Amino acid sequence: MSETAHLSIEQRTALITRNLEEVIGADEIPALLAQNLPLRHYIGLEISGRLHLGTGLMCMQKVRDLQQAGVRCTIFLADWHTWINDKLGGDRQKIKKVAVGYFKEGLKASLAALGGDPEALDFVLGSELYHHNDTYWETLIEVGKNTTLNRILRSVSIMGRGEGESIDFAKLIYPPMQVADVFILRANIAQGGMDQRKAHVIARDVANMLTISPLRDAEGKVIKPIAVHHHLLLGLDKPPQWPVDADKLRELRTAMKMSKSKPKSAVFIHDTPDEIRAKMRKAFCPPPADGIEFNPVLDWAEHLIYRNGQTLFVARTPENGGNLTFTRYEDLAAAYSEGSLHPMDLKNAMSEALIALLEPIRQHFDDHAEIKAMWTELEAML
RNA sequence: CCCGGGAUAGCCAAGUGGCCUAAGGCAGCUGACUGUAACUCAGCCAUUCGGUGGUUCGAAUCCAUCUCCCGGGACCA
């Protein structure tokens, strides 16, 4: 951990907690760092198809931050969860192949593009973690014995399923499995989007009740996993409800997020410049009079461009006011709000910024025929 | 294994012997309008009704059979 030797506990805590929607257990972080406890992170991902910016950039941004803070990071390739949730046709062989191929390589390229270290990243495949692992299955049962059926039923939203939705029984095993994953992977820090909080809260609630594989600090005291939740990028299409009803914001957030099942709402990590421009051009981008809170283009500017330390350059003709550079998101938002920045100019600027940000990823796919072949093979499955 | 209910475009769904070369809605695509998108408007979008046989002058509609799905029940040494 020599590279973090020069960082103070405060600096490392700041890296761990910055740019997040929510941190549960933030108070516990400095104490863990002070103990010099090796911190281990994990984020579980379903192998659900093409990698979009929510996974490739939003997840990996935090991974990069954590690496810089000296945390050991793990990507959990959740092939069993994918199977349970009927993704990729529920074909286990396909899922496993995509997991250790396209998905792993795509995530590594994404992390590298964001300044993280892909070689220091651990990948764990679900089916391998579970194989001949009594402790895992015992822990799963312990999780189940310490939560209720009602709570599990409410938590199916972590699978992108509605609470009233008719589901098969296997799907009820998914949430407690996800909780068990945290403990078996010995993750002090569990990461996910805001849509994953129900599983993480269960993990914290049962943490003190586990006897087989609880998390412990350096002194052997049982501790709870810290939960860090990143922002869910808005989809580029119009929200299902518009104008947005502020009272129903909680539920709507998930429905508004970028989704692979709505290709127009998402940009993928290897989209070409022209595809990115076309998608941005089609993006829902309400005028300032409608407020800036539910504007996906501004949302992406804030979370993808500015939070990666970039600035936004707006190329405009002299008639439209000439070129502009915004170095802070606040300035961009203010200019948009007062109407001095036209939606189309914002879109054009965002297109070019995204193209530049994603360029190394696209290049990586282009430079490695075997990785590009993995992607091609995936496309054939969709 | 038994009883009951289903199977119509990407999704929801009308139609129960001829007017069905299958209504409508959503999604999608194209164009008009906006210096963006959205909104609105115009146009496009199943020669075919889970498969196969049959009845009939004529079937998505009736019969038989097969496949699959849903609900319930039976079995449970």
Side-chain angles (χ1 to χ4, degrees), chain A residues 48-50 52-53 83-91 153 156 159-162 164-172 233-246 248-249 252-268 271 273-305 312-324 326 329 331-355 379-382:
Chain A
S48 48
R50 284 183 281 255
H52 64 196
L53 303 190
W83 171 35
I84 290 172
N85 207 12
D86 305 321
K87 301 290 176 61
L88 285 186
D91 183 323
L153 284 168
V156 297
M159 287 178 271
R161 304 271 169 186
E165 199 173 322
S166 165
I167 51 173
D168 58 67
F169 174 72
K171 291 179 177 53
L172 295 186
L233 289 176
L234 290 176
L236 289 180
D237 50 355
K238 192 181 70 157
Q241 187 194 64
W242 183 262
V244 174
D245 182 350
K248 295 180 179 166
L249 197 50
L252 273 172
R253 272 288 175 194
T254 308
M256 288 166 71
K257 75 173 179 177
M258 174 163 37
S259 163
K260 287 176 261 291
S261 57
K262 295 182 286 182
K264 291 291 161 51
S265 78
V267 163
F268 302 102
D271 273 352
D274 281 347
E275 284 170 331
I276 293 169
R277 291 187 188 105
K279 286 175 179 178
M280 281 311 285
R281 183 159 24 81
K282 290 269 190 184
F284 179 70
C285 187
D290 290 337
I292 61 169
E293 201 181 353
F294 302 106
N295 185 315
V297 185
L298 285 171
D299 181 60
W300 287 26
E302 177 182 6
H303 292 96
L304 297 177
I305 305 304
L312 202 60
F313 174 71
V314 182
R316 297 192 300 194
T317 60
E319 308 87 78
N320 283 333
N323 296 342
L324 272 176
F326 293 99
Y329 174 69
D331 300 335
L332 178 79
Y336 191 82
S337 291
E338 67 180 35
S340 62
L341 176 62
H342 190 277
M344 197 178 205
D345 293 323
L346 170 66
K347 285 182 170 182
N348 289 337
M350 271 303 294
S351 294
E352 299 314 310
L354 271 181
I355 289 167
E379 290 289 342
M381 296 178 190
L382 299 177

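Letters A, B, ... mirror the listed sequences (proteins, then strands); counts begin at 1. Keep in mind the model is a prediction, meaning the values are calculated, not measured. Quick note: numbers below take in every heavy atom, side chains included, and nothing from hydrogens, waters or symmetry partners.
- B:C29 and B:G6 have their P atoms separated by 36 Å, given to the nearest Å.
- Closest approach of A:Asn323 and A:Ala315 over heavy atoms only: OD1-CA, 3.3 Å.
- A:Asn295 places its CG atom 10 Å from the C1' atom of B:U36, with the value rounded to the nearest Å.
- Rounded to a whole Å, the NZ atom of A:Lys238 is 7 Å from the C1' atom of B:C39.
- Put simply, CG on A:Leu298 is 16 Å from P on B:U36, counting in whole angstrom units.
- B:G28 and B:U67 have their P atoms separated by 39 Å, with the value rounded to a whole Å.
- In this structure, A:His303 and A:Leu233 approach most closely via the heavy-atom pair CB-CD2, 4.0 Å.
- Spacing between atom CG of A:Asp168 and atom P of B:G71 amounts to 11 Å, rounded to whole angstrom units.
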Inset, instruction - Just do the side-chain contact (heavy atoms from CB on, under 4.5 Å) check on A:Arg277 and A:Ile355 with the steps written out, would you? - result: CA-CA 9 Å; A:Arg277 291 187 188 105; A:Ile355 289 167; 3.7 Å; yes

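- The closest side-chain heavy-atom distance from A:Leu153 to A:Leu172 is below 4.5 Å.
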Inset, instruction - Start with the C-alpha distance between A:Leu354 and A:Leu53, add both sets of side-chain angles, then the distance that settles side-chain contact (heavy atoms from CB on, under 4.5 Å), and finish with yes or no. - result: CA-CA 10 Å; A:Leu354 271 181; A:Leu53 303 190; 4.0 Å; yes

Inset, instruction - Quick one: the dot-bracket string of RNA chain B, using Watson-Crick and G-U wobble pairs with both distances under 3.5 Å, [ ] for crossing pairs and | for bases paired to another strand. - result: ((((((((.[[[..)..(.....]]].(((((.......))))).....[[[[[..)....]]]]])))))))....

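- Across all their heavy atoms, A:Lys279 and A:Leu236 have their closest contact at O-CD1, 3.9 Å.
- Between A:Tyr329 and A:Leu312, every side-chain heavy-atom pair lies at or beyond the 4.5 Å cut-off.
- Taking atom NE2 of residue A:His342 and atom P of nucleotide B:U36, one finds them 5 Å apart after rounding to whole Å.
- At a threshold of 4.0 angstrom between heavy atoms, the contacts of A:Asn320 include nucleobase atoms, whether or not backbone atoms are also involved.
- Comparing the same atom, P, in B:U56 and in B:U8 gives a spacing of 29 Å after rounding to whole Å.
- Considering all non-hydrogen atoms of both residues, A:Cys285 and A:Leu346 come closest at SG-CD2, 4.4 Å.
- Atom name P, nucleotides B:G31 and B:U36: the rounded distance is 15 Å, in whole Å.
- Atom NZ of A:Lys171 has more than 12 neighbouring heavy atoms from other residues, nucleotides or ligands inside a 6.0 Å radius.
- Heavy atoms only, all atoms of each residue included: A:Phe284 and A:Pro239 are closest at CE2-CD, 3.6 Å.
- Here, B:C20 and B:U30 have their C1' atoms 27 Å apart, quoted to the whole Å.
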Write down the protein N/O and nucleotide N/O pairs, taken from nucleotides 25-32 of chain B, whose separation is under 3.5 Å; answer none if there are no such pairs.
unit_1, atom_1, unit_2, atom_2, d
B:C29, OP1, A:Lys264, NZ, 2.6

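- Interface residues of residues 344-355 of chain A facing RNA chain B, ordered by number: A:Met344, A:Asp345, A:Lys347; criterion, heavy-atom separation under 4.0 Å.
- Look at the P atom in both B:A60 and B:G17: the space between them is 13 Å, to the nearest Å.
- Comparing B:A23 with B:U16, their C1' atoms sit 15 Å apart, to the nearest whole Å.
- A 4.5 Å side-chain heavy-atom check between A:Val297 and A:Trp300 finds every atom pair outside the cut-off.
- Rounded to whole Å, the C1' atom of B:A27 lies 7 Å from the corresponding atom of B:C11.
- A:Ala283 approaches A:Lys347 most closely through the heavy-atom pair O-NZ, 2.7 Å.
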